[in-house]
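Let me begin by presenting the structure, written as structure tokens, before commenting on it.
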Amino acid sequence: MALPSRSGNDRIASGDAESEDAELRAEREAMLRDIADEVAWTRQEIGKEALDAEVMAALSRVPRELFVPATERRFAFVNGPLPIGHGQTISQPYIVALMTDLLEPRSADRILEIGTGSGYQTAVLAELAREVYSVEIIAALANAARARLARLGYDNVSIRHGDGHQGWPEHAPYDGIIVTAAAPHIPPALLEQLKPGGRLVIPVGLPEQIQQLEVVTKNADGTLTHRDVLRVAFVPMTRDLR
Ligand code: SAH
């Protein structure tokens with residue numbers, strides 16, 4: 001039951017907040033429809049008609065508008081990447097959804113992410129897994145994402161400023177590892193830190209070129225199975241701490 005407003009001003013203010021909420025909800029739903037459309041267009045490559053319903057529900061819960069700079073806010077729900085400063089981007093919603101789906105995170109899982117950026121992918125993972133560890137090479141982005149995720153109440157996330165080529169050995173092994181920057185080769189430390197039965201999702205290829213989004217499964221006997229999923233374009237994995 002709605003509480004009676006104390007004054008006309010309160011009523012106007014809460015009315016505005018409600019219409020803003022409704023608008024954001026509608027924009028988020030439109031983003032989910034755009035993702036579903038792009039999944040359908042790419043069904044041949046990705047080998048599925050639709051993404052996992054829990055992954056889509058997680059995307060519907062994370063307030064993407066709070067992960068983009070204020071100047072980009074009106075584009076927050078457009079199905080494309082956006083600049084987040086320092087020459088980096090927040091990934092396209094379809095790519096975030098697809099990579100999360102390919103990782104198949106479960107509620108008991110411990111996940112490692114390389115390339116925190118805005119922290120948006122981190123938040124989506126934190127909705128689905130028990131613990132998320134994320135490494136970001138640019139200190140300013142790591143600090144901003146840490147503060148943002150804490151403000152939003154994500155208490156199962158840890159962020160470290162460092163070079164993701166080394167993974168995060170202190171919390172290994174991981175049930176799943178996701179890399180959101182392109183590497184010419186898969187960093188060996190990441191394969192070492194993956195549990196048997198675990199999955200690594202990573203764009204492999206040279207910077208400034210089209211890369212292959214790969215899913216690598218570590219089998220029980222330690223051997224690896226590779227699957228190429230989709231041609232993608234990511235910012236490069238770099239080596240210099242900034
Ligand atoms: N998932 C992020 C994507 C950010 S773009 C988002 O949706 O917002 C890729 C990120 O990887 C950038 O923030 C970049 O600084 C970071 N990065 C590049 N090389 C890295 C490395 N060696 N270790 C950790 N992070 C790296």
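Atoms within each ligand, like the ligands themselves, are counted from 1 in listed order.
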For Val96 and ligand 1, answer yes if some heavy atom of the residue is under 4.0 Å from a ligand atom, otherwise no.
-> no

Per-atom filter on ligand 1: closer than 4.0 angstrom to a heavy atom of Gln121 are 1 (N)

Please write down residue, atom name and distance for the protein heavy atom closest to atom 9 (C) of ligand 1.
-> Thr180 O, 3.3 Å

Taking only heavy atoms of Val235, which atoms of ligand 1 are found under 4.0 Å from at least one of them?
-> 5 (S), 9 (C)

Do any nitrogen or oxygen atoms of Tyr120 come within less than 3.5 Å of a nitrogen or oxygen of ligand 1?
-> no

Donor-acceptor pair, side chain of Asp52 and main chain of Asp101, under 3.5 angstrom | no

Counting only N and O atoms by type, is there a donor-acceptor contact under 3.5 Å from the side chain of Glu136 to the main-chain atoms of Thr116?
-> yes

Is a side-chain N or O of Gln121 found less than 3.5 angstrom from the main chain of Ser91, in a donor-acceptor match?
-> no

Region of Leu141 engaging ligand 1 - heavy atom pairs below 4.0 Å = side chain

If you have a sec, work out which protein heavy atom is nearest atom 5 (S) of ligand 1 and how many Å separate them, to one decimal?
-> Thr89 O, 3.1 Å

How close does the nearest protein non-hydrogen atom get to atom 16 (C) of ligand 1, and which residue and atom is it?
-> Glu136 OE1, 3.3 Å

Glu131/Arg110 salt bridge by N-O under 4.0 Å criterion | yes

Under a 4.5 Å cut-off applied to non-hydrogen side-chain atoms, are Arg160 and Tyr133 in contact?
-> no

Give a yes or no answer on whether the side chain of Arg227 reaches the backbone of Val215 with a donor-acceptor pair at less than 3.5 Å.
-> no

Which ligand 1 atoms, with their elements, are less than 4.0 angstrom from a heavy-atom of Glu113?
-> 1 (N)

Could you tell me whether a side-chain N or O of His161 sits under 3.5 Å from a main-chain N or O of Arg242, the two making a donor and an acceptor?
-> yes

For Asp163, the ligand 1 atoms with a heavy-atom partner under 4.0 Å come out as 21 (C), 22 (N), 23 (N)

Any donor and acceptor pair, going by atom type alone, linking the side chain of Asp221 with main-chain N or O of Thr223 inside 3.5 Å?
-> yes

Considering the options Val232, Ile35, Leu213, Val39, which one meets the side chain to side chain contact (heavy atoms under 4.5 Å, CB included) requirement together with Leu98?
-> Leu213

Option of least heavy-atom distance to atom 18 (C) of ligand 1 (set: Gly115, Pro236, Gly117) | Pro236

Which ligand 1 atoms does His165 reach within 4.0 Å, using its non-hydrogen atoms?
-> 22 (N)

Mind checking whether Ile114 has an N or O less than 3.5 Å away from an N or O of ligand 1?
-> no

Got the closest protein heavy atom to atom 8 (O) of ligand 1, with its distance?
-> Ser118 OG, 2.7 Å

Report yes or no: does Gln193 contribute a side-chain atom to a donor-acceptor pair with the main-chain N or O of Trp168 at less than 3.5 Å?
-> yes

Under 4.0 angstrom from ligand 1, any heavy atom of Arg239?
-> no

Among protein heavy atoms, which sits nearest to atom 7 (O) of ligand 1, and what does the distance come to when rounded to 0.1 Å?
-> Ser91 N, 3.2 Å

Mark up the atoms of ligand 1 that fall under 4.0 Å of a heavy atom belonging to Ile138, in ascending order.
-> 15 (O)

Separation of Phe234 CZ from Gln92 CD (nearest 0.5 Å) | 9.0 Å

Location of contacts on Gln88 toward ligand 1, heavy atoms closer than 4.0 Å | side chain

Hey, which of Thr42, Asp37, Asn79 is the one that makes side chain to side chain donor-acceptor pair (under 3.5 Å) with Tyr94?
-> Thr42

Select the closest option to atom 20 (C) of ligand 1 among Ile84, Ile137, Ile178, judged by heavy-atom distance.
-> Ile137

Specify the protein heavy atom at minimum distance from atom 22 (N) of ligand 1: its residue, its atom name, and the distance to 0.1 Å.
-> Thr238 O, 2.6 Å

Look at the side chain of Asp109 and the backbone N and O of Ala129, then say whether any donor-acceptor pair between them is shorter than 3.5 Å.
-> no

Which atoms of ligand 1 are found less than 4.0 Å from any heavy atom of Gly162?
-> 23 (N), 24 (C)

Name the closest protein heavy atom to atom 23 (N) of ligand 1, giving the residue it belongs to and the distance to 0.1 Å.
-> Gly164 N, 2.8 Å

